Amino acid sequence: NWQGIEALVLGKSPAIAEVRKKILRLADTSVSVLITGETGTGKELIARSLHEFGARRDKHFVALNCGGLPEQIFESELFGHEAGAFTGAIKKRIGKIEWAHGGTLFLDEIETMPVSLQIKMLRVLQERTVERLGANEPISVDCRIVAASKAVLMQLSTEGQFRSDLLYRLNVAQIELPPLRERREDVPLLFEHFVLAAARRFGQPAPIVSASQLSELMTHSWRGNVRELQNVADRFVLGLTGDSLLTPGGNASKGGTLGEQLAYFERMLIEDMLRRHNGNVAEASVELGMPKKTLYHKLRQLKIAARDVPGDESDVDRSSSGGE
């Protein structure tokens, strides 16, 4: 089981190891799970893993994106309809909830579900029954609900845009997916996986990544996360990148000796951590696992200017001038 999930949910970082542990712990239960994370972090993969490693694996995994569908069509997709329930409903349709009976229903971008449908969804979860549009007869359903959101639902709930009672029903257990920039050690393994997959898909030989290209991948901010990395791998296999994987037609700019590349990577990590903690050196040093004094030394050594640590300018200045 453990080997199976390591092959599906790739990564060596402690954060992703924790995600795998949670999946295996929750897979055999039927509790509702809320998966949170930025766009492109792989939320559907996690939902599929919860299905594949649990007792429901032989039944349907049904995925529905809650965004971008007109409300009536969305309602019909979710609950199904009888023939003649509305104009254009020529024949009976089984809805996604009913189709997921015995299996898993994955609701992606749950934050975009209209409030009127949130109320109906809550009723389904409470009563374990569904009514098709145009019918009065409740149908028993037993499906596991896995929802995903890139928004902070608790905040939306406070603002009245998401029903708190539905949130409590969905958020029995939560799996938080870290962005790729917070698990950079996983980038080489993921990129190799995507390059080999793309080579098979396109019938092309798998190209070899140079040291400077790998350094470039490791230091990129990956705003589009794993999806963006996969896109780069596809373009690399198709020969659409130059020496630089991320600058169209450009040269890889992060070359040099191993020492230079390590220094560059270290600088990127420190600057990224400082940005994440709004320039708070004390907080950044805790997360980087190094004493504050060492971090100040690194700031001087790597010539990270005071402007890169907003809010702690005086601290950096003091430390570099002997604390006067």
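If you read the sequence from its start, that first residue is 1, and numbering goes on from there. Bear in mind that the values here come from a model prediction, so they are computed numbers and not experimental data.
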Residue pair Arg132, Glu137: steps toward the salt bridge (charged side-chain N to carboxylate O under 4.0 Å, His left out) verdict: CA-CA 8 Å; Arg132 295 186 200 129; Glu137 192 187 321; over 6 Å; no
Evaluation steps, side chain to side chain contact (heavy atoms under 4.5 Å, CB included), between Leu167 and Leu34: CA-CA 9 Å; Leu167 174 57; Leu34 179 64; 4.3 Å; yes
Side chain to side chain contact (heavy atoms under 4.5 Å, CB included) evaluation trace for Thr36 with Lys150: CA-CA 6 Å; Thr36 59; Lys150 60 176 180 284; over 6 Å; no
Side chain to side chain contact (heavy atoms under 4.5 Å, CB included) evaluation trace for Phe191 with Leu245: CA-CA 12 Å; Phe191 192 69; Leu245 294 174; 4.0 Å; yes
Check against side chain to side chain contact (heavy atoms under 4.5 Å, CB included), Leu117 and Phe79: CA-CA 10 Å; Leu117 290 189; Phe79 300 98; 4.2 Å; yes
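Taking both residues in full, the closest heavy atoms of Gly242 and Gln213 are given as O-NE2, 3.8 Å, listed atom of the first, atom of the second, then distance. Taking each heavy atom of Ala206 and Leu196 in turn, the nearest pair found is CB-CD2, 4.0 Å. Between Ser49 and Val9, the shortest heavy-atom contact is OG-CG2, 3.6 Å. When all heavy atoms of Val237 and Gln204 are compared, the closest pair comes out as CG1-CB, 3.8 Å. Residue His81 comes nearest to Lys91 through the heavy atom pair NE2-O, 3.2 Å, listed as atom of the first residue, atom of the second, then distance. The minimum heavy-atom distance between His51 and Lys59, with the atom names listed, is NE2-O, 3.1 Å.
For Tyr168, the OH atom sits in a loose shell: 12 or fewer heavy atoms of surrounding residues, nucleotides or ligands are nearer than 6.0 Å. Remark: Glu71 CD is packed, more than 12 non-hydrogen atoms of other residues, nucleotides or ligands lying under 6.0 Å away.
A donor-acceptor pair is defined here as one N or O able to donate and one able to accept, closer than 3.5 Å; no such pair exists between the side chain of Arg48 and the backbone of Phe61. The closest donor-acceptor contact from the side chain of Arg184 to the backbone of Met218 lies under 3.5 Å. In this structure, Asn225 contributes its side chain and Thr39 its backbone to a donor-acceptor pair below 3.5 Å. Under the 3.5 Å distance criterion, the side-chain polar atoms of Lys96 are left unmatched by any main-chain donor or acceptor of Leu105. The closest donor-acceptor contact from the side chain of His60 to the backbone of Trp99 lies under 3.5 Å. A donor-acceptor contact shorter than 3.5 Å links the side chain of Arg57 to the backbone of Gly54. Side-chain N or O atoms of Asp186 include one that pairs as donor or acceptor with a backbone N or O of Lys12 at under 3.5 Å. A distance-only check finds a donor-acceptor pair linking the side chain of Gln118 to the backbone of Arg163 [under 3.5 Å]. With hydrogens and angles ignored, the 3.5 Å screen pairs no side-chain donor or acceptor of Gln174 with any backbone N or O of Asn171. Looking at Glu98, its side chain never comes within 3.5 Å of a backbone N or O of Val130 through a donor-acceptor pair.
With rounding to the nearest 0.5 Å, the separation of CD1 in Ile5 from CZ in Phe53 is 4.5 Å. In this structure, CG on Leu107 lies 4.5 Å from SG on Cys66, to the nearest 0.5 angstrom. Taking CG of Leu214 as the start and OG1 of Thr219 as the end, the distance is 9.5 Å to the nearest 0.5 Å. Note that CZ of Arg20 is 9.5 Å distant from CD1 of Ile46, once rounded to the nearest 0.5 Å. Distance CG/Leu190 to CG/Leu229: 6.0 Å, rounded to 0.5 Å. Between Glu182 atom CD and Leu177 atom CG the span is 11.5 Å, to the nearest 0.5 Å.
The side-chain heavy atoms of Val226 and Phe194, taken from C-beta on, include a pair separated by under 4.5 Å. Between Ile145 and Cys143, some side-chain heavy-atom pair lies under the 4.5 Å cut-off. Contact annotation: the side chain of Glu77 approaches that of Arg93 to within less than 4.5 Å [non-hydrogen atoms, C-beta and beyond]. For the pair Leu26 and Arg144, the minimum side-chain heavy-atom distance is below 4.5 Å. Phe74 has its side chain within reach of Met113: a pair of non-hydrogen atoms, C-beta onward, lies under 4.5 Å apart. Side chains of Leu125 and Leu170 form a contact here, defined as non-hydrogen atoms less than 4.5 Å apart. No side-chain heavy atom of Thr104 sits less than 4.5 Å from a side-chain heavy atom of Leu50. Looking at heavy atoms from C-beta onward, Arg169 lies out of side-chain contact with Ser32 at the 4.5 angstrom threshold.
In this structure Asn231 satisfies the side chain to side chain donor-acceptor pair (under 3.5 Å) test with no other residue, sequence neighbours excluded.
Using modelled atom types and a 3.5 Å distance limit, the side chains of Arg56 and Ser30 yield a donor-acceptor pair. For the 3.5 Å distance criterion, the side chains of Glu38 and Thr41 fail to qualify, holding no donor opposite an acceptor.
In the hydrophobic clustering of this structure, Val115 does not group with Val152; members are Ile, Leu, Val, Met, Phe, Trp, Tyr whose side-chain heavy atoms approach within less than 4.5 Å, directly or through other members. Cluster membership check: Ile110 shares its hydrophobic cluster with Met154, using side-chain heavy-atom separations under 4.5 Å among Ile, Leu, Val, Met, Phe, Trp and Tyr. By the rule that hydrophobic residues join a cluster once side-chain heavy atoms approach within less than 4.5 Å of another member, Val33 and Leu45 end up as members of one cluster. In terms of hydrophobic clustering, with Ile, Leu, Val, Met, Phe, Trp and Tyr side chains grouped at heavy-atom distances under 4.5 Å, Phe202 and Ile208 are assigned to different clusters. Under the 4.5 Å side-chain heavy-atom criterion for grouping Ile, Leu, Val, Met, Phe, Trp and Tyr, Leu299 is connected to Met290 within one hydrophobic cluster.
By the 4.0 Å N-to-carboxylate-O rule, Glu18 lies too far from Lys22 to be salt-bridged with it.
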